[in-house]
Amino acid sequence: MIKLTTENFEELVLKSSEPVLVDFWAEWCGPCRMVAPVLDQIEAERGLTIGKLNTDENPEIMTRYGVMGIPTLLLFENGEPVKQVVGAKPKRMLEAELGLS
């Protein structure tokens with residue numbers, strides 16, 4: 001998993017030729033910690049690039065994409081968000097909602 005910041009977001013997400021799943025999270029967020037191992041599994045099994053964006057440290061990116069609650073997962077393709085999942089969910093449900101199943 002890659003650590004995303006305001007400084008590297010454009011380069012690593014918006015200019016990526018591959019899909020990138022962005023995990024909007026925060027240290028204090030319990031559900032964010034619950035979904036983290038599931039994202040690790042998805043990354044390992046599917047080879048999907050996943051980036052974690054700490055919303056406390058990078059609020060402008062959160063605002064730019066209208067993220068109101070965390071965890072929020074946004075799947076970017078060709079620099080555009082194409083799928084969104086809000087909240088911690090089981091792996092199978094996450095994969096289905098992201099179109100990975």
Between N58 and T5 the two heavy atoms that sit nearest each other are OD1-CA, 3.4 Å
Identify every side-chain donor-acceptor pair in residues 42-52 under 3.5 Å, counting partners at least two apart or on other chains, and give the distances.
residue, atom, partner, partner atom, Å
E43, OE1, M1, N, 3.2
E43, OE2, M1, N, 3.3
E45, OE1, K91, NZ, 2.6
E45, OE2, K91, NZ, 3.2
R46, NE, E95, OE2, 3.0
R46, NH1, L100, O, 2.7
R46, NH2, E95, OE2, 3.4
R46, NH2, L100, O, 3.1
K52, NZ, D23, OD2, 2.9

Measure across I70 and F24 and return the closest heavy-atom pair with its distance rounded to 0.1 Å. CG2-O, 3.5 Å
If you round to the nearest 0.5 Å, how far is CG of L4 from CD of E57? 11.5 Å
Show your reasoning for whether side chain to side chain contact (heavy atoms under 4.5 Å, CB included) applies to L39 and L21. CA-CA 9 Å; L39 295 177; L21 182 63; 4.0 Å; yes
Pairs meeting criterion ring-ring contact (aromatic ring centres under 6.0 Å, His included) with involvement of residues 30-61, two or more places apart: none
Taking all atoms of both residues into account, what is the closest heavy-atom pair of P31 and A88, and its distance? O-CB, 3.6 Å
Go through the steps for W25 and T55 under the test side chain to side chain contact (heavy atoms under 4.5 Å, CB included), then give the verdict. CA-CA 6 Å; W25 72 287; T55 55; over 6 Å; no
Verify same cluster id: M34, V86 (apolar side-chain graph, 4.5 Å): no
Under 4.5 Å between side-chain heavy atoms, counting indirect links through other Ile/Leu/Val/Met/Phe/Trp/Tyr residues: same cluster for M93 and L98 or not? no
Classify the ring geometry between F76 and F9 as parallel (under 30°), tilted (30 to 60°) or perpendicular (over 60°). perpendicular
Same cluster (ILVMFWY, side-chain, under 4.5 Å), L75 and V22: no
Can V67 be reached from W28 by stepping across I, L, V, M, F, W or Y side chains whose heavy atoms are under 4.5 Å apart? yes
Any pair with a residue in residues 74-89 that passes salt bridge (Lys or Arg N to Asp or Glu O under 4.0 Å), sequence neighbours left out, goes on the list, sorted by first then second residue, please. K89-E97
Beyond-backbone contact of L94 with L73, side-chain heavy atoms, under 4.5 angstrom: yes
Minimal heavy-atom distance between A26 and N54, with the atoms involved, is CA-OD1, 4.3 Å
May I ask you to check whether over 12 heavy atoms, not counting those of N78, lie within 6.0 Å of atom CG? no
Cluster check V20, L53: I/L/V/M/F/W/Y, side chain < 4.5 angstrom: yes
Other residues, nucleotides, ligands: >12 heavy atoms within 6.0 Å of E27 CD: no
For the pair I61 and R64, evaluate side chain to side chain contact (heavy atoms under 4.5 Å, CB included) and give the outcome as yes or no after the intermediate values. CA-CA 5 Å; I61 302 288; R64 183 187 310 169; 3.6 Å; yes
